[in-house]
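Structure record follows, encoded as structure tokens.
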Amino acid sequence: MQKKIVVGNWKMAPIYQREAKSTFSAIKKTGSLLRNVQTVIAPPFVHLSTLKGLLAGHRVALGGQDLFWEKEGAHTGEVSGAMLVDYKASYVIIGHSEKRERGETDVDVAKKVKSALKEGLTPIVCVGERVRDDGGTYIRLIRKQVQAIFSSISARNADKVILAYEPIWAIGKDAKREATTEDITETAIYIRRILIDLVGKAPATRIQLLYGGSVNDKNVSDYIEKCDIAGFLVGRASLKPPVFSRILHSVDKA
Ligand code: PGA
């Protein structure tokens with residue numbers, strides 16, 4: 001059985017290395033006990049150097065929150081996939097809505113995915129709509145986002161990509177509401193169909209699909225039991241070790 005994946009996206013927190021260390025250590029205590037879950041923590045870049053020293057074994061892995069598609073050179077403020085690998089990251093989040101909001105395009109996302117694969121990183125690529133309209137425009141938007149991701153990579157590499165469905169309206173403290181299991185199931189089916197069109201049936205069924213947006217220790221069991229998903233991308237709750245540990249246990253048991 002394939003392991004479930006739970007990714008903690010720490011975004012721009014915590015401020016202090018000390019806190020990053022203690023939060024990571026507490027999460028590792030739970031994460032390293034679980035057989036059925038791959039825990040991934042994606043801290044701000046600057047904390048990778050601190051946390052890589054705390055990695056031991058493979059049950060908790062590190063990820064970047066972004067990368068730039070060039071390996072090295074005159075690109076102020078950017079971090080490359082090769083640098084992430086050198087800092088012991090094995091995953092990288094790409095195309096998060098908070099990056100897309102500040103100008104990241106589908107073309108940028110595609111270049112980043114390609115470069116992540118080239119460096120041997122597993123890309124966790126976010127897609128999702130700002131509003132869920134009755135007319136179904138959001139499905140066309142998701143199709144466009146998914147198409148862009150897979151247009152730049154070979155069929156052979158398709159199942160090395162992890163997709164994360166992250167509806168923007170369900171993310172963060174200003175979320176409009178939590179997604180229902182129906183919302184997630186419906187979109188997961190659409191995404192799976194889009195993938196079959198793009199890469200063919202066999203690879204499409206192997207591509208892991210995560211859900212992200214206000215996942216917490218209350219809603220996680222319902223989500224994992226009722227929706228056909230491979231795990232979660234967790235924001236706020238991943239900075240609270242007791243809550244995140246409960247999430248990890250629930251997914252491990254499912
Ligand atoms: P949230 O963030 O869990 O705080 O809603 C999720 C995300 O943006 O990845």
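Atoms within a ligand are numbered from 1 in the order they appear, just like the ligands themselves.
- For G172, a nitrogen or oxygen atom sits less than 3.5 Å from a nitrogen or oxygen atom of ligand 1, counting backbone and side chain alike.
- In the vicinity of L233, heavy-atom distances shorter than 4.0 Å reach the ligand 1 atoms 9 (O).
- Between W10 and F24, the angle of the ring planes goes over 60°, which puts this pair in the perpendicular group of the 30/60° scheme.
- Judged by distance alone, with hydrogens and angles left aside, the side-chain atoms of S80 form a donor-acceptor pair with the main-chain N or O of K71 at under 3.5 Å.
- Only side-chain heavy atoms of H96 come within less than 4.0 Å of ligand 1; its backbone N, CA, C and O stay farther off.
- Of all the atoms in ligand 1, the ones that sit under 4.0 Å from a non-hydrogen atom of S214 are 1 (P), 3 (O), 5 (O).
- When each of R132, E129, E182 is paired with T187, the side-chain hydrogen bond (donor to acceptor under 3.5 Å, both in side chains) condition holds for R132 and for no other.
- Looking from atom 6 (C) of ligand 1 to the surrounding protein, the closest heavy atom is G235 N, 3.6 Å.
- When non-hydrogen atoms are compared, ligand 1 lies under 4.0 Å from the backbone of I171 as well as from its side chain.
- The one candidate from L163, V146, V199 that meets the side chain to side chain contact (heavy atoms under 4.5 Å, CB included) condition with I194 is V146.
- Between the side chains of R192 and T205, not a single donor N or O lies within less than 3.5 Å of an accepting N or O.
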*Passes salt bridge (charged side-chain N to carboxylate O under 4.0 Å, His left out), R177 versus D183? Steps please.*
CA-CA 11 Å; R177 63 173 173 87; D183 293 329; 2.7 Å; yes

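- Formation of a donor-acceptor pair under 3.5 Å by the Y211 side chain with backbone atoms of G213 is found in this model.
- Among all non-hydrogen protein atoms, the one lying nearest atom 4 (O) of ligand 1 is R236 NE, 2.7 Å.
- A side-chain donor-acceptor contact under 3.5 Å links N219 to the backbone of N216.
- Considering backbone and side-chain atoms together, G213 places no N or O closer than 3.5 Å to any N or O of ligand 1.
- Where the criterion is an N or O separation shorter than 3.5 Å, residue side chain and backbone included, K11 meets it with respect to ligand 1.
- For ligand 1, the atoms closer than 4.0 angstrom to any heavy atom of N9 are 9 (O).
- A heavy-atom separation below 4.0 Å is not found between G212 and ligand 1.
- E166 OE2, 2.9 Å is the protein heavy atom nearest to atom 9 (O) of ligand 1.
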